[in-house]
Amino acid sequence: MIIILLSIMAVVLVTMGVLLYTKQAIFFSLIIENSQNRTFLRTFGIIFIILGILCLFVGFLNQLEWAITFLCGMLIVSGIFSFLLSRKMR
């Protein structure tokens with residue numbers, strides 16, 4: 001069960017990372033388009049892609065402790081991204 005759920009999460013993370021890295025026009029409808037915001041979106045795109053790949057490895061370990069630790073870390077990174085994006089939207 002852990003493998004299936006973390007595999008779905010990995011697909012979501014990689015998809016979100018690719019959208020942040022390549023399809024930035026979607027997010028520039030929310031924030032101002034400049035080089036600083038481009039770098040911000042690309043950085044978090046790479047971070048989400050790395051988290052997606054790491055999610056697959058954690059899923060194949062099939063250990064509850066590692067999965068919970070990974071989910072806590074992922075939620076922290078997602079929270080930081082959401083907070084910084086909302087500050088840029090003002």
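When reading the values below, keep in mind they use all heavy atoms of this one structure, side chains included, and skip hydrogens, waters and symmetry mates.
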**OP:** Answer yes or no: are there more than 12 heavy-atom neighbours, outside Ile32 itself, under 6.0 Å from its atom CD1?
**Re:**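 Not more than 12 within 6.0 Å, no.
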Original post:
Does Ile4 CD1 have over 12 foreign heavy atoms under 6.0 Å away?
Top reply: no
Original post:
Are Glu33 and Gln24 side-chain neighbours, meaning at least one heavy-atom pair lies under 4.5 Å?
Top reply: no
Original post:
Given side chains that start at C-beta, do those of Val77 and Leu51 come closer than 4.5 Å, heavy atoms only?
Top reply: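 Yes, side chains in contact.
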For [X] against [Y], the heavy-atom pair lying closest together:
X	Y	result
Ile2	Ala67	CG2-CB, 4.1 Å
Ile3	Gly59	CG1-O, 3.0 Å
Leu19	Phe27	O-CE1, 4.0 Å
Asn34	Asn37	OD1-N, 2.9 Å
Ala10	Gly52	CB-O, 3.3 Å

Original post:
With hydrophobic residues grouped by side-chain heavy-atom distances under 4.5 Å, do Phe28 and Leu85 end up in a single group?
Top reply: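 Both belong to a single hydrophobic cluster.
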Original post:
Are Phe81 and Phe48 an aromatic pair by the rule of ring centers under 6.0 Å?
Top reply: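 Yes, close enough.
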**OP:** Find the distance between SG (Cys55) and CD1 (Ile50) and round it off to the nearest 0.5 Å.
**Re:**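 Here the interatomic distance stands at 14.0 Å.
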Original post:
To the nearest 0.5 Å, how far apart are CG in Leu6 and CG in Leu56?
Top reply: 8.5 Å
